[in-house]
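Here, residue 1 is the first one in the sequence, and each next residue gets the next number.
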Amino acid sequence: MKIAIIGLGFVGLSLCSVLASKGIRTIGIDSDIRKCSKIAEGIPTFFEPNLEKTLKKALKRKLIVTNKLSTINDCDFIFVTVGTPQKKNGDIDLSMIKTVTGDIGKLLSKNKRKPIILIKSTVIPGTMKNVVLPILERNSKKKAGKDFGLISNPEFLQEGKAIHDTIKPHVVVLGGYRTKFMRKTEKFFSRFNPNVPIIITNHQTAEMIKYANNSFLATKISFINQIANICQGIPDTNIDDVANTIGLDPRIGNPFLNAGPGYGGSCLPKDIKAIINLSSKLGVNPTLLTAVEKINKQQISNIVELVKQNIGKIRGKKLTVLGVAFKPGTDDIRDSVGIELAKRLLKLGAKITIHDPKALENARKIFCDNTKYVKSISSALKDCQCAIIMTQWKEYERINNKTIKHMAKKFIIDSRRVLSNKNLNAKYYAIGLGQKV
Ligand code: UGA
């Protein structure tokens, strides 16, 4: 068996590394030649726990990395894992998926094999049927279901846990027609991810499952953030005790009840916007999802307000943002709330210093010389008038009175409550904690 994966981002690179490290002949394909050569040397182009180790093992065993799409010709399964970024109007940009499926179609026209094409990229319900399938059939002059298989296979992995989630996802979703190709794919996944439930449904439902999943996660986060904001107004109330306890109710469940500055990253904000757009187009007022998005945006505005209330005019003030990765365990800053906060404060005239254990280089690409980038926490805090903890890095739990000694004004906003048990000699606000009485 030979497998191709097209698009070597978080999903694609994790998948080809895991497959090949298990001894399956795998080709990782990406149009970016520089990216390919780095990966071929065993260097991932982003930070992800255990990825480098798995990639190196994969390269030693069965992984080939190339920018040549024609290498898919002798493959049995072709996974498409290219990005579907967001356009300015909130719709998703299908250009990469259209180009790739167009090229796959052309190659299929001369291919004697009957490969199975699996689309992992997140696409709006209807895209497989109305866009991907017609492109493939038109360019190949062949029939899906007869000459090749086409299956929706949405991905649920989380950054920071990509390798773990690729090996053991909570579910495998296969969307498409119940043909011999579907049976072959089901067999493949039952071996690749043993004991994981496999859900077989049609394309549109598979596409919708992905959006429903991410929308529900975002809803949980905005729900707990709203409760956290209420807690803040009630002296001595603690959102973590509230979240941990309601999470014990099996109908609610613990994950994704960690209150904070709002959700970020390349997926939840984009997917919520896309489903809101789709819903409106279908004439269904997306009341709940719009509120989820509104609460999310409000979290950052609340932090900016808190800074203003406590230090007065922001112009000229030295402020430190602790954490710009969109969550711990990654150097990814796409749609990060830490980055958004730094942007908002810069616009108000603040002098910003940024600290992050992994994402400083990526932050530099955005702010260039407009902010300072400091590797040690205590140096980042020196002379600042307010520090705001945005990402829940373990490193921030070690902050103590010595670390904050040289702050010009000892004022800390802790959006993740990592310092809530410390007796800091500072004015301290935390999201979700009522003031101590
Ligand atoms: C998310 C989903 O969790 C994955 O299942 C999905 O496959 C992926 O999107 C995708 O569509 O590709 P990811 O973007 O890696 O994964 O990040 P999450 O772990 O979901 O976190 C998203 C944001 O929510 C982060 O900013 C995080 O800090 C925030 N969050 C998460 C909270 O504020 N509280 C929580 O309790 C959980």
Side-chain angles (χ1 to χ4, degrees), residues 10-11 80-81 83-87 90-94 97 118-132 150-159 161-162 165-166 168-177 182 185 189 193 196-226 246-247 249-258 262-297 326-327 335:
F10 278 91
V11 174
V80 177
T81 54
T84 47
Q86 196 167 351
K87 293 201 275 194
D91 284 348
I92 60 167
D93 180 357
L94 290 177
I97 213 156
L118 295 108
I119 307 292
K120 274 200 168 290
S121 313
T122 301
V123 289
I124 285 288
T127 307
M128 289 293 275
K129 197 165 165 252
N130 302 325
V131 180
V132 174
L150 179 63
I151 290 176
S152 305
N153 177 220
E155 179 58 59
F156 301 97
L157 70 74
Q158 272 179 278
E159 285 184 31
K161 281 175 70 193
D165 291 354
T166 302
K168 189 133 187 53
H170 67 273
V171 70
V172 170
V173 175
L174 303 177
Y177 298 97
M182 184 63 90
T185 308
F189 274 105
N193 300 133
V196 172
I198 298 177
I199 305 299
I200 298 180
T201 180
N202 58 31
H203 285 302
Q204 290 86 315
T205 311
E207 293 164 316
M208 191 60 203
I209 287 170
K210 171 69 191 180
Y211 279 98
N213 209 98
N214 274 358
S215 306
F216 192 74
L217 294 175
T219 304
K220 264 188 121 174
I221 298 168
S222 282
F223 166 81
I224 204 67
N225 283 343
Q226 180 142 85
I246 64 168
D249 184 331
R251 293 167 301 176
I252 298 176
N254 266 124
F256 279 71
L257 288 180
N258 187 14
Y263 57 79
S266 63
C267 305
L268 298 195
K270 171 186 83 136
D271 291 353
I272 287 287
K273 264 202 188 71
I275 197 77
I276 287 175
N277 263 12
L278 176 69
S279 177
S280 305
K281 276 181 196 159
L282 294 172
V284 179
N285 189 351
T287 330
L288 175 63
L289 299 172
T290 312
V292 166
E293 198 180 43
K294 197 169 164 195
I295 293 170
N296 200 52
K297 287 188 180 142
F326 87 94
K327 64 177 181 180
D335 247 319

Answer yes or no: is there a side-chain heavy-atom contact under 4.5 Å between [X] and [Y]?
X: H170; Y: N213; value: yes
X: E207; Y: I124; value: no
X: N225; Y: Y263; value: no
X: K210; Y: S152; value: no
X: V196; Y: F189; value: no
X: S215; Y: I272; value: yes
X: I221; Y: I295; value: no
X: F223; Y: I252; value: no

How long is the span from the [atom1] atom in [X] to the [atom2] atom in [Y], to the nearest 0.5 Å?
X: T166; Y: F10; atom1: OG1; atom2: CZ; answer: 11.5 Å
X: N296; Y: L268; atom1: CG; atom2: CG; answer: 8.5 Å
X: I97; Y: I92; atom1: CD1; atom2: CD1; answer: 7.5 Å
X: I224; Y: L257; atom1: CD1; atom2: CG; answer: 5.0 Å
X: D271; Y: I276; atom1: CG; atom2: CD1; answer: 11.0 Å
X: K87; Y: K273; atom1: NZ; atom2: NZ; answer: 15.0 Å

Within the distance-only criterion (no hydrogens, no angle test), does the side chain of [X] pair as donor or acceptor with the backbone N or O of [Y] below 3.5 angstrom?
X: N153; Y: A206; result: no
X: K270; Y: D335; result: no
X: K129; Y: H203; result: no
X: T81; Y: K120; result: no

### Message
So, applying side-chain contact (heavy atoms from CB on, under 4.5 Å) with I151, which one of V173, I200, T185 is it?
### Response
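By the side-chain contact (heavy atoms from CB on, under 4.5 Å) criterion, I151 pairs with just one of V173, I200, T185: T185.
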[X] and [Y]: which non-hydrogen atoms are nearest, and at how many Å?
X: G264; Y: P269; answer: O-CD, 3.6 Å
X: T84; Y: S121; answer: CG2-CB, 4.0 Å
X: P125; Y: L278; answer: CD-CD2, 3.9 Å

### Query
Does the distance from a Lys or Arg side-chain N to an Asp or Glu carboxylate O, for D91 and K281, drop under 4.0 Å?
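Yes.
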### Message
A quick test of your reading: do over 12 heavy atoms of other residues, nucleotides or ligands sit less than 6.0 Å from OH of Y211?
### Response
yes
### Task
Would you please test L289 and S279 for side chain to side chain contact (heavy atoms under 4.5 Å, CB included) and show each step?
CA-CA 10 Å; L289 299 172; S279 177; 5.5 Å; no
